Amino acid sequence: QRFKSSTNRSPRQFGPGLPGEKRALEFELKVIADVGLLGLPNAGKSTLIRVVSAARPKVADYPFTTLHPNLGVVDVGEHRSFVMADIPGLIEGAADGAGLGIRFLRHLQRTRLLLHLVDILPPDPEADPVKDARAIVAELKKFSRELAAKPRWLVLNKKDLLPEAEAQKRARSIVRALRYKGPYYLISGATGEGTRELCGAVMTFLEDHARSEAERASSPEDAGAAPPGAA
């Protein structure tokens, strides 16, 4: 094309070609979700996302049933919904390469809220829910201080395995032992009990968060300063 002219309509000339550029690229996909689920394997994360959304991750009674992130849209009313992400469970030592969950924590970096699921009655009688919850938080801090600083709510799961009064008592005991001051919810992923209240509170939090961000974005940096020429 560069040799073409008004008198040379079909040029036969050519220029020698040059080696092309080569580049090896590695892309990392991060799913986008509003809420992320954290917890040990078999804490009930996949069961919860199945109950509150149309997602259908595999659920079984053995660790690491979830092998890749799952997304579910949680509908809490007309024109009110949010996206929830379920990742493989974390275990102690995850930041050093143990287990699977640490590979997928990056998918929670864009979330606005983390739900930390704790099994109030682990199948292992020697397991300590308080110790396990602290281990998850420690691994989160090792992976990313920014991720660990995100709002995180405690969700105490499997209340259906205990009488109501005993489940409430055990939940309060876990919260006190963790010295946790934020919101916490006692639910049963298997029966759905308490999940409606949890999802409603999450939706309200996300709406308030979005409203606050919009207000900050619309307000000028010099808000409150006197306009030019003001006395």
Side-chain angles (χ1 to χ4, degrees), residues 26-49 52-53 55 57 63-74 81-119 128-157 174-175 177-185 187 189 198-199 201-214 216-217:
E26 182 176 339
F27 293 92
E28 183 179 81
L29 173 67
K30 292 182 181 179
V31 300
I32 299 177
D34 301 302
V35 178
L37 301 181
L38 285 174
L40 289 173
N42 283 120
K45 301 181 298 299
S46 296
T47 300
L48 175 60
I49 200 172
V52 301
S53 75
F64 301 113
T65 308
T66 301
L67 299 176
H68 55 81
N70 294 292
L71 293 179
V73 177
V74 182
S81 64
F82 59 89
V83 178
M84 180 180 286
D86 167 32
I87 67 168
L90 294 177
I91 61 174
E92 191 171 0
D96 300 319
L100 297 173
I102 199 71
R103 304 178 192 174
F104 302 104
L105 275 176
R106 65 183 182 275
H107 294 294
L108 304 184
Q109 290 177 329
R110 295 186 181 182
T111 59
R112 289 178 281 175
L113 176 65
L114 301 176
L115 298 182
H116 185 172
L117 267 71
V118 177
D119 186 346
D128 181 359
V130 175
K131 179 183 177 182
D132 292 339
R134 286 175 176 161
I136 294 297
V137 175
E139 296 302 325
L140 204 60
K141 290 179 179 178
K142 287 181 184 178
F143 178 80
S144 168
R145 289 284 176 177
E146 181 182 354
L147 185 58
K150 286 183 179 292
R152 180 175 53 86
W153 293 1
L154 270 184
V155 179
L156 305 166
N157 191 25
I174 293 173
V175 171
L178 288 171
R179 298 180 181 178
Y180 176 76
K181 303 299 182 183
Y184 75 91
Y185 294 85
I187 70 163
L198 171 63
C199 292
V202 168
M203 188 74 254
T204 300
F205 170 86
L206 294 175
E207 290 171 339
D208 292 343
H209 186 275
R211 193 177 302 113
S212 298
E213 285 188 337
R216 284 196 299 268

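The structure presented is a predicted model; accordingly, all values stated were derived computationally and were not measured.
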Salt bridge (Lys or Arg N to Asp or Glu O under 4.0 Å) with E207: which residues, sequence neighbours excluded?
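E207: salt bridge (Lys or Arg N to Asp or Glu O under 4.0 Å) contacts with R80.
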
Name all residues meeting the salt bridge (Lys or Arg N to Asp or Glu O under 4.0 Å) criterion together with D132; count only those two or more places apart in sequence or in a different chain, and write none if there are none.
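In terms of salt bridge (Lys or Arg N to Asp or Glu O under 4.0 Å), with neighbours along the sequence ignored, D132 is linked to no residue.
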
Side-chain contact test, heavy atoms from C-beta onward, threshold under 4.5 Å: evaluate it for [X] versus [Y] and give yes or no.
X    : Y    : value
L156 : I174 : yes
V155 : H116 : no
L113 : K150 : no
V73  : S53  : no

Would you say the ring centroid of Y185 lies under 6.0 angstrom from that of W153?
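They qualify: ring centres under 6.0 Å apart.
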
[X] versus [Y], closest heavy-atom pair with distance:
X    : Y    : result
C199 : F82  : O-CE2, 3.7 Å
G44  : N157 : CA-ND2, 3.5 Å
L71  : A33  : CD2-CB, 4.0 Å
D86  : S46  : OD2-OG, 2.8 Å
R152 : Y180 : O-OH, 2.9 Å
V118 : A133 : CG2-CB, 4.1 Å

From the options V52, V202, V35, select the one residue that forms a side chain to side chain contact (heavy atoms under 4.5 Å, CB included) with V74.
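Only one option passes, and that is V52.
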
Between the side chain of K141 and the main-chain N/O of E146, is any donor-acceptor distance below 3.5 Å?
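Absent.
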
Quick one: does any side-chain atom of K45 pair with a main-chain N or O of L40 as donor and acceptor, under 3.5 Å?
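At least one qualifying donor-acceptor pair exists.
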
Side chain to side chain donor-acceptor pair (under 3.5 Å) against D34, all qualifying residues, sequence neighbours excluded
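With neighbours one apart ignored, the set is R112.
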
